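Because the structure is predicted, anything quoted here is derived from the model rather than measured. All residue numbers in this chain count up from 1 along the given sequence. Note that these values count all heavy atoms, side chains included, but never hydrogens, waters or copies made by symmetry.
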Amino acid sequence: MSLSLQSPPFSALYSKSFLQNGGNLRLLGGSGASNAIFFKLQRSFPQIRASSGFSSSLDTGASTELDAVSSFSEIVPDTVIFDDFEKFPPTAATVSSSLLLGILSLPDTIFRNAVDMALADSGCAALKNPESRLSCFANKALVNVGGDLVKLVPGRVSTEVDARLAYDTHGIIRKVHALLKLYDEINVPPERLLFKIPSTWQGIEASRLLESEGIQTHLTFVYSFAQAAAAAQAGASVIQIFVGRLRDWARNHSGDPEIEAALKRGEDPGLALVTKAYNYIHKYGHKSKLMAAAVRNKQDLFSLLGVDYIIAPLKVLQSLKESITTPDEKYSFVRRLSPQSAAAYSFSEGEVAKWDQLSVASAMGPAAVDLLAAGLDGYVDQARRVEELFAKIWPPPNV
């Protein structure tokens, strides 16, 4: 997984219920791939040749802007509604509390049976402690839905780890081991899985220990270079940075040295962080892949070409798909991030030193602290809402 989210493609994994629904996956709209299901574009268009530097050499003939940008980065639709597999075929997904809430709100979704089966689990039902029982049901539901998604997508499924454990390294590790055991019981191999962990120091340390076991991790809520560098040093398989959220914070706040330094250089703080993290990962040979999330417009996307994954809103993807480029125009699509740009980037001694808990905490400015806390609060709220709903509907009528 250090190379790609995507496994070798396969074609015979769509369930009977999926096909009976006309090939449409209908889920609840929400805040996007950061906390719900996500789908990565599967290229159905001719491969476009691109150089590894700052210019491109593309095939002749008209194509779309989406074709052009997808030659530089994997493009991920930011949505929890996905009806058109022809336009944007899914190849990877995330299962989360947000997704479970969507499923619970739509009883006719193809994943509802996975949740009902979790609530019918006799092992969970036998637990006397109500909190333990609800947590068990939630774990089973995540894994059952994740197992269904593994059958529907050729890539890897990322499973959210309970954000209430964000400051408990060993709690995170125990949770991942428990989820892995449940996945093993339904014959999902570990190479098809990622585990999505908040990038607190404790989460970063859990990632390091899990990766040393060969368990692939996906660190989220990265809002500072310190977090990104520490995550790369930990060997996280995927590191996710939220571009637009940093920009939003900068519009309404001040006093963050990292953001103010970017603004002084005339740079967008979110784009600057992705650029610096990408260059750090590639200059120093870390295995991590970088995912740029909360991308708000086409210009953001063009500025990030070359990063491993870009999560983009459907309106941006639709605009890219509808915009035709001529051979001459396609030369304007330039790779902004590359191994060459990374080699030329300069880092201070402190930035390349071994990051530890104290140095990460000291280097995280108010933007990272605020945004990490807000992200964790949202995840915790979603997890609690799932358990509250389970408490109301358990036991199911047929149990």
* M117 backbone acceptor or donor facing D121 side chain under 3.5 Å -> no

* Counting N and O atoms only, with roles assigned by atom type, does the side chain of R192 sit under 3.5 Å from a partner on the main chain of G155, one being a donor and the other an acceptor? -> yes

* **L337 side chain reached by L305 side chain, heavy atoms, under 4.5 Å** => no

* Of all heavy-atom pairs between L182 and N139, which one has the smallest distance, and what is that distance? -> CD1-CB, 3.9 Å

* **L301 side chain near N297 side chain, heavy-atom distance below 4.5 Å** => no

* To do: Could you walk me through whether K287 and E211 pass side-chain contact (heavy atoms from CB on, under 4.5 Å), step by step?
  => CA-CA 11 Å; K287 74 170 189 177; E211 292 281 352; 2.7 Å; yes

* For S71 and A68, indicate whether the former's side chain and the latter's backbone hold a donor-acceptor pair under 3.5 Å. => yes

* To do: Search all heavy atoms of A292 against all heavy atoms of V243 and return the closest pair with its distance.
  => CB-CG2, 4.2 Å

* Would you say the side-chain atoms of S303 and D300 include a donor-acceptor pair closer than 3.5 Å? -> no

* Tell me, yes or no, whether the heavy-atom count around H253 atom NE2, taken from other residues, nucleotides or ligands under 6.0 Å, exceeds 12. => yes

* Report yes or no: does S323 contribute a side-chain atom to a donor-acceptor pair with the main-chain N or O of L320 at less than 3.5 Å? => no

* To do: Search all heavy atoms of R247 against all heavy atoms of D268 and return the closest pair with its distance.
  => NE-OD1, 2.6 Å

* **Note: K283-E351 ion pair, threshold 4.0 Å (strictly below)** => no

* Which distance, rounded to the nearest 0.5 Å, do you find between the CD of E65 and the CD1 of I324? -> 9.0 Å

* Walk me through it: do K315 and E322 pass the test salt bridge (charged side-chain N to carboxylate O under 4.0 Å, His left out)? => CA-CA 11 Å; K315 64 180 181 179; E322 293 172 353; over 6 Å; no

* What do the steps show when you test E191 against R156 for salt bridge (charged side-chain N to carboxylate O under 4.0 Å, His left out), and what is the final call? -> CA-CA 8 Å; E191 59 267 22; R156 286 164 171 76; over 6 Å; no

* Do the ring centers of Y280 and Y345 come within less than 6.0 Å of each other? -> no

* Asked: Are a donor atom and an acceptor atom from the side chains of T94 and E160 found within less than 3.5 Å of each other?
  -> no

* Backbone N/O of F195 and side chain of S158: donor-acceptor pair under 3.5 Å -> no

* Would you name the heavy atoms of F225 and E258 that are closest together and state the gap between them? => N-OE2, 2.9 Å

* **Check: L106 main-chain N/O paired with R112 side-chain donor or acceptor under 3.5 Å** => no

* Checking N144 side chain against A114 main chain: does a donor-acceptor pair fall under 3.5 Å? -> yes

* To do: Return yes if some donor-acceptor pair links the side-chain N/O of S362 with the main-chain N/O of S359 below 3.5 Å, else return no.
  => no

* Quick one: are V176 and V161 in side-chain contact, heavy atoms under 4.5 Å? -> yes

* Asked: Does a donor on one side chain sit under 3.5 Å from an acceptor on the other, for H286 and Q233?
  -> no

* Walk me through it: do Y379 and R384 pass the test side-chain contact (heavy atoms from CB on, under 4.5 Å)? => CA-CA 9 Å; Y379 272 28; R384 287 175 176 161; over 6 Å; no

* Asked: CD1 of I215 to CG of L180: how many Å apart, nearest 0.5 Å?
  -> 5.0 Å

* Structure fact -> For W355 and G350, the nearest pair of non-hydrogen atoms, with its separation, is CZ2-O, 4.0 Å

* Asked: Between S224 and Q227, does any side-chain donor sit less than 3.5 Å from a side-chain acceptor?
  -> yes

* Asked: With side chains defined as the heavy atoms from C-beta onward, is the minimum distance between L101 and R385 less than 4.5 Å?
  -> yes

* Under 3.5 Å donor-acceptor, S70 side chain and D67 backbone -> no

* Side-chain H-bond candidate by donor/acceptor type, K298 with S319, under 3.5 Å -> yes

* **Same cluster (ILVMFWY, side-chain, under 4.5 Å), V380 and W201** => no

* Asked: How long is the gap from CG on L389 to CD1 on I103, to the nearest 0.5 Å?
  -> 12.5 Å

* To do: For F333 and F72, run ring-ring contact (aromatic ring centres under 6.0 Å, His included): C-alpha distance rounded to whole Å, both residues' side-chain angles, the deciding distance at 0.1 Å, then the answer.
  => CA-CA 9 Å; F333 292 96; F72 299 104; 7.6 Å; no

* Can you check whether E388 reaches L134 side chain to side chain, under 4.5 Å on heavy atoms? -> no

* **H177 and E213: side chain donor to acceptor below 3.5 Å** => yes

* K181/E185 salt bridge by N-O under 4.0 Å criterion -> yes

* Asked: Is L142 linked to L127 within one hydrophobic cluster, defined over Ile, Leu, Val, Met, Phe, Trp and Tyr using a side-chain heavy-atom separation of less than 4.5 Å?
  -> no

* Structure fact -> Note: L219 and A236 closest approach over all heavy atoms is CD1-CB, 3.7 Å

* **Within-4.5 Å side-chain heavy-atom neighbours: L194 and V157** => no

* So do the side chains of R245 and R296 get within less than 4.5 Å of each other, counting heavy atoms only? -> yes

* Asked: With side chains defined as the heavy atoms from C-beta onward, is the minimum distance between F242 and L246 less than 4.5 Å?
  -> no

* Please assess L193 against V188 for the test side-chain contact (heavy atoms from CB on, under 4.5 Å), listing each intermediate value before the final yes or no. => CA-CA 8 Å; L193 301 170; V188 176; 3.9 Å; yes

* Using the side chain to side chain contact (heavy atoms under 4.5 Å, CB included) rule, pick out the option among L304, I311, V274 that qualifies with V295. => L304

* **Stepwise side-chain contact (heavy atoms from CB on, under 4.5 Å) check, S237 with K289** => CA-CA 6 Å; S237 294; K289 296 299 181 183; over 6 Å; no

* **All ring pair (Phe, Tyr, Trp, His ring centres under 6.0 Å) counterparts of Y167, not counting sequence neighbours** => none

* **D248 and R251 ion-paired at < 4.0 Å** => yes

* **Side-chain donor-acceptor pair present, N279, S341, cut-off under 3.5 Å** => yes

* To do: Look at the aromatic rings of W394 and F137 and report parallel, tilted or perpendicular, splitting at 30° and 60°.
  => tilted

* Salt bridge check: are E205 and R208 linked by an N-O gap of less than 4.0 Å? -> yes

* Please check if any side-chain donor atom of Y183 sits under 3.5 Å from a side-chain acceptor atom of T159, or the reverse. => yes

* Structure fact -> Rounded to the nearest 0.5 Å, the NZ atom of K276 sits from the CD atom of E267 at a distance of 10.0 Å

* Spell out, as yes or no, whether a donor-acceptor pair under 3.5 Å connects the side chain of D308 to the backbone of M291. => no

* Between CD1 of I281 and CG of L290, what distance do you get to the nearest 0.5 Å? -> 4.5 Å

* Asked: Rounded to the nearest 0.5 Å, how far does CD1 of I259 lie from CG of L273?
  -> 9.0 Å

